[in-house]
Amino acid sequence: MTQIIWREIEEKWRRKWEEAHLFEADPDPNRKKCFVTFPYPYMNGPLHLGHGFTATRVDVYARFMRMRGYNVLFPWAWHWTGEPIVGASLRIKSGDKELIRALKEIDSVPEEELEKFVDPIYMANYYTQESREVVKRIGFSVDWRREFHTTSHEPAYSKFIEWQYITLRDMGYVVKGTHPVVWCPSCQSPTGDHDRLVGEGVFPEEYVLIKFIFGDAFLPAATFRPETIFGVTNMFINPDGDYVEALVNGEKWIISRSAAIKLSEQLRKVNVLREFKGRELIGKYFKEPISGRELPILPGWFVDPDSATGVVYSVPAHAPADWIALKDLMDKLDLLREFKVPPEVVRNIKPISLISVEGFGEYPAIEIVEQMGIKDQFDPKLEEATSLVYRKEFHTGVLKPICGKYAGKVVKDVKAQIIEDFKKMGIASTMYDLPQKVVCRCTTKCIVKILSDQWFLKYSDPEWKRLAHEAIDLAKVFPESARMYFHDKIDWLRDWACARKTGLGTPLPWDPEWIIETLSDSTIYMAFYTIAKHIRQYGIHAEQLTKDVFDYIFLGKGDLGEVSRRSGIKEHILKEMRDEFLYWYPVDLRVSAKELVPNHLSFFIFQHVALFPRELWPRAIGVNGMLMIEGQKMSKSKGNFLTLKEAINRYGADVTRMTLLLGAEDMDDPDWRDENARSIDAKLRSLYALIGQISGLSGEDEVKSIDRWLLSIIQERIKAVTEAIENLKTRTAAEIALYEIWNDIRWYLRRRGSPNSMILKEVASIWVRLLTPFTPFLCEELWSILGNKGFISVAKWPEYDESKVDVRSEEIELFIKSLLDDTMNILRVTRLSPKKIYYYVAAPWKWRVYMRLLEESLSRRLDMREVMKVLMTDAELRSMAKILAPLVSRLIEEVNSLPIERKQRLLKAGVIDEFYEISESKEFFEREFNATVMVYREDDPNKYDPRGKAQQSKPLKPAIYIE
RNA sequence: GCGGGGAUAGCCAAGCCAGGUCAAAGGCGCAGGCUUCAGGAGCCUGUCCCGUAGGGGUUCGCGGGUUCAAAUCCCGCUCCCCGCACCA
């Protein structure tokens with residue numbers, strides 16, 4: 001039964017909205033527009049609660065703005081571009097059990113559908129259909145006439161993307177270049193983090209190769225510390241490693257066999273002349289290229305031929321590993337004999353110190369090895385020692401005189417210069433390699449490949465960055481703290497490889513073997529929404545959407561007649577499209593999760609500033625946290641994946657929306673808890689019952705202070721909810737609209753006994769409208785229960801009415817409430833069951849003092865002496881100076897600690913006739929305490945006051961006596 | 001490593017930018033009472049410690065400081081989360 005009610009209500013109103021075409025928005029010059037967007041979801045799976053959270057925030061804003069009279073457009077589309085859909089499809093074809101199980105169990109894909117997923121387009125289509133239904137069910141106020149999906153399977157969209165990229169290339173923002181990637185030699189494609197069995201988060205690092213001279217060949221030794229060349233003492237080669245002599249771009253290099261393969265993937269022409277074991281080199285001498293010193297090659301099994309060139313030079317003064325290796329060799333005479341290396345060659349090697357660094361002496365490497373007690377080459381602490389010395393020397397190390405022109409410089413300041421110089425001198429080169437092992441999902445070990453002929457979006461361009469920064473400065477950013485994040489990411493972005501060889505998408509128009517990559521084809525598509533309607537409505541063919549046409553529509557370029565003639569699209573249609581684009585653009589709000597800031601949202605900014613004039617740049621960006629499920633990050637593998645569909649099935653749309661919204665705002669991560677959803681379900685049911693009761697009320701039309709209080713307080717709520725949504729503080733807004741107002745009404749009903757039905761209905765009408773953006777289906781139902789015609793979705797948003805704000809009534813209510821609390825507190829502490837409760841309200845002169853103090857305290861901090869001086873000017877008060885002093889002293893303390901706003905409110909409320917107010921509320925107090933309540937004035941000579949309590953009374957704090 | 005966000009009572013979570021109404025909103029949970037034929041419903045009360053008169057004490061990651069006054073401002077420290085590129 002519980003489920004049925006929500007579903008019935010939701011389906012009913014959804015149908016009515018659709019029949020009325022309520023959310024279809026067309027340009028209307030008489031109304032201000034508001035264009036909100038949600039990043040189209042990727043269709044390799046169903047929508048989940050995370051999508052639901054972000055999109056609900058968009059919908060709340062859309063619904064709010066619509067009720068405020070804006071012409072609101074909230075369109076929707078689907079993202080198909082990229083690898084994963086194709087990848088999943090292939091895995092299904094190959095019978096990937098785990099994936100198939102996940103699709104069946106989590107996505108609830110029926111068996112007969114699953115079979116057809118071997119076609120990626122079928123799969124994308126399936127999820128699109130599914131998701132569209134879910135988007136409708138959750139009540140997003142979408143104009144579906146503008147729906148589309150991406151890729152070449154939506155030719156009109158493809159034409160749009162082609163236009164975008166041709167335009168960007170003409171502007172010089174798309175350029176050709178090279179780029180190192182982690183590469184699987186077997187799959188012949190880049191291996192992204194998600195495609196790896198081993199080595200997540202590992203990316204290519206650039207090594208410097210120092211070309212040591214070895215006869216007519218070079219021994220290119222790999223290092224991150226080229227400056228240490230000044231301290232080289234020898235070289236290490238793995239005697240058992242496979243090495244080659246190869247022509248590398250015409251030079252003879254001696255490197256490991258795998259290095260030869262790697263280099264051939266890094267834009268070098270590699271021709272292997274012969275292969276041999278490393279031991280062949282041991283005991284021979286090479287020449288260091290700067291000063292020509294002759295140095296020995298020694299055996300080192302720690303040298304990994306699979307790492308970089310497999311050639312390592314030794315700097316024992318500064319590299320702990322080198323020092324350890326040398327020390328090892330010194331003791332191993334047999335070994336040296338085997339390689340025919342005279343022991344004195346090793347013994348005579350003296351570390352050469354080239355960096356002075358605070359905290360260490362001549363030979364940091366030797367010191368740290370001793371300090372950390374590192375025993376041999378295989379000690380795991382060796383790595384830590386290496387990185388410690390490296391960091392310390394890099395940041396604070398100063399090069400010694402031995403380093404020639406670099407002497408006296410801090411390492412980190414000259415490193416780049418050294419590399420550049422060495423390259424110029426022809427003694428250094430570079431290569432990429434992976435610092436750790438990476439294995440592709442296909443089980444092949446990955447290498448680094450330099451892709452050539454890559455197309456890049458030139459996000460490194462300083463002028464482009466400057467404009468992007470400017471766009472962020474001009475936009476509203478919710479929350480404000482995300483603004484810095486954007487600036488930071490804009491600075492950090494480098495050129496972006498914007499085309500791929502595989503996956504779905506739109507081919508690069510001038511180089512169609514490349515497909516425009518997924519993040520790059522989704523940056524300005526909001527513009528496409530504005531014309532997607534016309535393309536469908538007028539049956540415009542993709543071929544008609546030429547560059548001229550888009551130039552005209554989006555940039556206002558070209559001659560209308562000419563463009564029309566050439567494209568075959570009628571002039572009035574082109575004009576209409578141009579006008580519609582200009583009407584809706586710019587985007588007024590785009591919202592996404594914070595994980596998209598460094599990529600999608602920044603790209604969105606970059607591309608807008610490149611293509612559109614300032615007045616069409618995005619107006620506001622909202623960023624939110626990532627959804628957690630029961631305190632855990634949502635993931636299919638953890639089994640805590642909740643689809644939006646499943647949530648709606650379980651709780652209904654309104655409960656789902658409200659639960660999501662109450663979860664979090666700003667950049668905090670909302671946490672979906674089943675317990676919360678259930679409690680909100682109960683809350684909304686009881687709201688339904690309460691509004692039903694209110695709608696049936698009649699009679700009682702006297703307007704009391706408590707009625708004015710309710711009307712007043714609801715104004716504050718209107719204001720707070722309105723401001724919160726304006727700033728996308730959706731949690732705050734929902735919290736006030738649901739709970740705070742509820743509490744207000746509860747207090748009102750409790751206080752009022754028999755409510756004023758007119759006023760309560762008025763407030764209910766406001767309340768339901770304030771809730772509409774959050775729980776639209778239920779509110780439509782309540783709206784009609786309250787006797788309204790038409791949709792609440794387009795009803796007028798309640799407006800803050802200052803004339804109804806009644807500070808005095810609010811202060812009176814605070815007074816009553818605190819009297820209630822005080823009395824209750826006494827009863828609790830004394831454990832009395834009261835028969836009679838006596839209140840004694842403060843005498844008029846006390847009030848006079850109080851008001852005077854409040855006034856005085858507006859401008860300064862009160863001080864006893866001054867205050868008394870002021871008060872003594874009052875004749876009546878002067879006569880009672882003795883009793884005055886202790887009261888004033890207490891009041892000063894009280895008043896001084898009041899914030900200025902409160903003081904102003906109290907002054908505005910003025911003297912409150914406490915006797916009257918308590919008498920008015922006598923019934924209420926008697927009901928609450930189940931006792932007789934008597935109220936006296938402090939100065940009433942006939943009062944009943946057996947304990948002499950009356951004199952304790954202070955303004956707003958009557959004395960209390962209970963018996 | 002670089003960058004961003006955090007740490008508040010049993011839990012979740014406001015407040016901090018603009019210092020005082022803060023023992024600290026709201027929700028959940030828990031306890032007691034009321035209402036109800038019943039109820040994963042509603043209403044009331046309590047939920048840091050002490051208290052037979054509305055009061056007092058000790059709290060807002062840790063340690064200092066500024067101030068008449070600090071959860072809020074300043075300095076230092078510890079810990080946690082998130083992102084880091086060819087991937088949507």
Side-chain angles (χ1 to χ4, degrees), chain A residues 2 39 41-42 44-45 79 81-85 179 181-182 189-195 201 203 387 391 451 454 456 459 479-482 484-486 488-489 491-500 503 517-520 522 594-600 625-626 631 633 662-671 673 675-676 678-683 685-686 689-690 731-732 735-736 738-740 742-743 746 749-750 814 818-819 821-832 861 863 893-894 896-903 905-906 928 947 949 952 957-962:
Chain A
T2 49
Y42 187 64
N44 67 335
H79 203 196
T81 310
E83 297 273 359
I85 293 177
H179 186 61
V181 294
V182 178
S189 73
T191 311
D193 251 3
H194 306 286
D195 298 325
F203 28 97
S387 105
R391 277 208 311 270
L451 295 177
Q454 265 278 351
F456 288 91
Y459 290 147
E480 186 53 41
S481 60
M484 256 245 285
Y485 193 15
F486 273 106
D488 183 63
K489 289 304 156 192
D491 279 333
W492 162 89
L493 270 170
R494 308 193 300 255
D495 291 348
W496 181 261
C498 61
R500 289 295 106 79
E517 166 278 340
T518 170
L519 283 168
S520 303
S522 56
K594 60 187 168 191
E595 57 173 358
L596 296 191
V597 171
N599 42 69
H600 168 70
M626 297 192 25
K633 201 168 170 178
L662 286 170
E665 65 194 6
D666 294 351
M667 294 219 260
D668 296 334
D669 299 332
D671 185 9
R673 287 177 189 270
E675 183 178 276
N676 291 352
R678 282 209 308 267
S679 124
I680 286 158
D681 175 83
K683 205 98 210 156
R685 278 171 208 291
S686 128
L690 178 57
R731 199 197 78 91
T732 300
E735 195 269 333
I736 296 168
L738 183 62
Y739 294 112
E740 304 290 352
W742 201 311
N743 288 342
R746 211 173 2 230
L749 291 173
R750 181 173 166 198
L814 279 176
S818 82
L819 185 56
D821 288 345
D822 281 348
T823 311
M824 226 131 50
N825 192 232
I826 295 169
L827 291 175
R828 185 166 49 249
V829 172
T830 60
R831 299 193 190 117
L832 287 170
R861 230 186 112 66
D863 142 85
E893 204 183 334
E894 199 183 303
N896 271 337
S897 67
L898 245 32
I900 185 89
E901 302 78 39
R902 185 77 205 287
K903 292 175 191 169
R905 287 172 65 86
L906 285 165
E928 290 289 324
R947 294 282 179 87
K949 293 273 183 190
Q952 289 177 10
K957 204 155 175 77
I960 302 170
Y961 173 65
I962 299 172

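First the proteins, then the strands, lettered A, B, ... as listed; each starts at 1.
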Across the strands shown, which category fits [X] at heavy-atom distances under 4.0 angstrom: base, sugar-phosphate, nothing?
X        : answer
A/Ser520 : nothing
A/Leu451 : nothing
A/Asp488 : sugar-phosphate
A/Leu493 : base
A/Pro899 : base
A/Lys903 : nothing
A/Met484 : sugar-phosphate

Roughly how far, to the nearest 0.5 Å, is the [atom2] atom of [Y] from the [atom1] atom of [X]?
X        : Y        : atom1 : atom2 : result
A/Asn44  : A/His79  : CG    : NE2   : 11.0 Å
A/Arg500 : A/Glu83  : CZ    : CD    : 8.0 Å
A/Thr732 : A/Glu740 : OG1   : CD    : 10.0 Å
A/Ile962 : A/Ile826 : CD1   : CD1   : 4.5 Å
A/Leu596 : A/Met626 : CG    : CE    : 9.0 Å

Q: Indicate for each nucleotide in nucleotides 51-60 of chain B, in 5' to 3' sequence, whether protein heavy atoms under 4.0 Å reach the base (B), only the sugar-phosphate (S), or nothing (-).
A: BSBBS-----
Q) Nucleotide by nucleotide, 5' to 3', does protein get under 4.0 Å of the base (B), only the sugar-phosphate (S), or neither (-) in nucleotides 22-38 of chain B, counting heavy atoms? A) ---BSSS----------
Going by purine N1 to pyrimidine N3 plus the second Watson-Crick contact, or the G-U wobble pair, all under 3.5 Å, which nucleotide sits opposite [N]?
N     : answer
B/C16 : none
B/C84 : B/G1
B/A9  : none
B/C48 : B/G57
B/G40 : none

Could you check how far [atom1] of [X] sits from [atom2] of [N], rounded to whole Å?
X        : N     : atom1 : atom2 : value
A/Ile680 : B/C12 : CD1   : C1'   : 12 Å
A/Asp668 : B/U8  : CG    : P     : 12 Å
A/Ile900 : B/A18 : CD1   : C1'   : 14 Å
A/Arg494 : B/C2  : CZ    : C1'   : 12 Å
A/Leu596 : B/C82 : CG    : P     : 16 Å
A/Arg500 : B/A88 : CZ    : C1'   : 11 Å
A/Glu480 : B/G5  : CD    : P     : 11 Å
A/Phe203 : B/G83 : CZ    : C1'   : 11 Å

Mind checking the [atom1] distance from [N] to [M]? Whole angstroms is fine.
N     : M     : atom1 : result
B/U36 : B/C43 : P     : 16 Å
B/A25 : B/C80 : C1'   : 26 Å
B/C11 : B/G3  : P     : 33 Å
B/C34 : B/G54 : C1'   : 25 Å
B/C44 : B/G26 : P     : 12 Å
B/U58 : B/A71 : P     : 13 Å
B/A14 : B/G65 : P     : 31 Å
B/G40 : B/A31 : P     : 15 Å

Q) Would one find more than 12 heavy atoms of other residues, nucleotides or ligands at under 6.0 Å from atom CD of A/Glu480? A)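 Above 12, so yes.
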**Q.** Residue A/Arg947 excluded, over 12 heavy atoms near CZ under 6.0 Å
**A.**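 Count not over threshold, so no.
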Q.
Using the side-chain heavy atoms of A/Met667, tell me which of these nucleotides is nearest: B/A85, B/G5, B/G3.
A.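 Closest nucleotide to the A/Met667 side chain: B/G5.
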Q | Of the listed nucleotides B/A85, B/A88, B/U45, the one nearest the side chain of A/Asn599 | A |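 Selected nucleotide (nearest to the side chain): B/A88.
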Q. Has A/Tyr485 got its ring stacked on the base of B/G5, with centres under 5.5 Å and planes less than 30° apart?
A.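 No, aromatic ring not over the base.
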**Q.** Verdict with reasoning, A/Ser522 to A/Tyr42, per side chain to side chain contact (heavy atoms under 4.5 Å, CB included)
**A.** CA-CA 11 Å; A/Ser522 56; A/Tyr42 187 64; over 6 Å; no
Q: Let me know which of A/Lys683, A/Arg678, A/Arg685 forms a salt bridge (charged side-chain N to carboxylate O under 4.0 Å, His left out) with A/Asp681.
A: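 One option only clears the test, and that one is A/Arg685.
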(Q) For a 4.5 angstrom cut-off between non-hydrogen side-chain atoms, does A/Leu814 reach A/Arg902? (A)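 Side chain of A/Leu814 against side chain of A/Arg902, heavy atoms only: contact under 4.5 Å found.
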Q: Between A/His79 and A/Ala682, just flag the one whose closest nucleotide in RNA chain B comes earlier from the 5' side.
A: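 So the residue in question is A/Ala682.
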Q | Pairwise 5' ranking along RNA chain B for A/Leu898 and A/Ser481, keeping only the more 5' one | A |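 Looking at the nearest nucleotide for each, A/Ser481 comes out on the 5' side.
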(Q) Can you see if the side chain of A/Trp742 gets near the phosphate of B/C43 - specifically, an N or O under 4.0 Å from OP1 or OP2? (A)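 For A/Trp742, the contact criterion (side-chain N or O under 4.0 Å from OP1 or OP2 of B/C43) is met.
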(Q) I'd like to know if the side chain of A/Asp669 and the backbone of A/Gly625 have a donor-acceptor N/O pair within less than 3.5 Å. (A)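 Looks like no, no N/O pair under 3.5 Å.
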Q: Provide the closest heavy-atom pair for A/Lys949 versus A/Ala959 in the form atom of the first, atom of the second, distance.
A: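 Closest heavy-atom pair between A/Lys949 and A/Ala959: O-CB, 3.2 Å.
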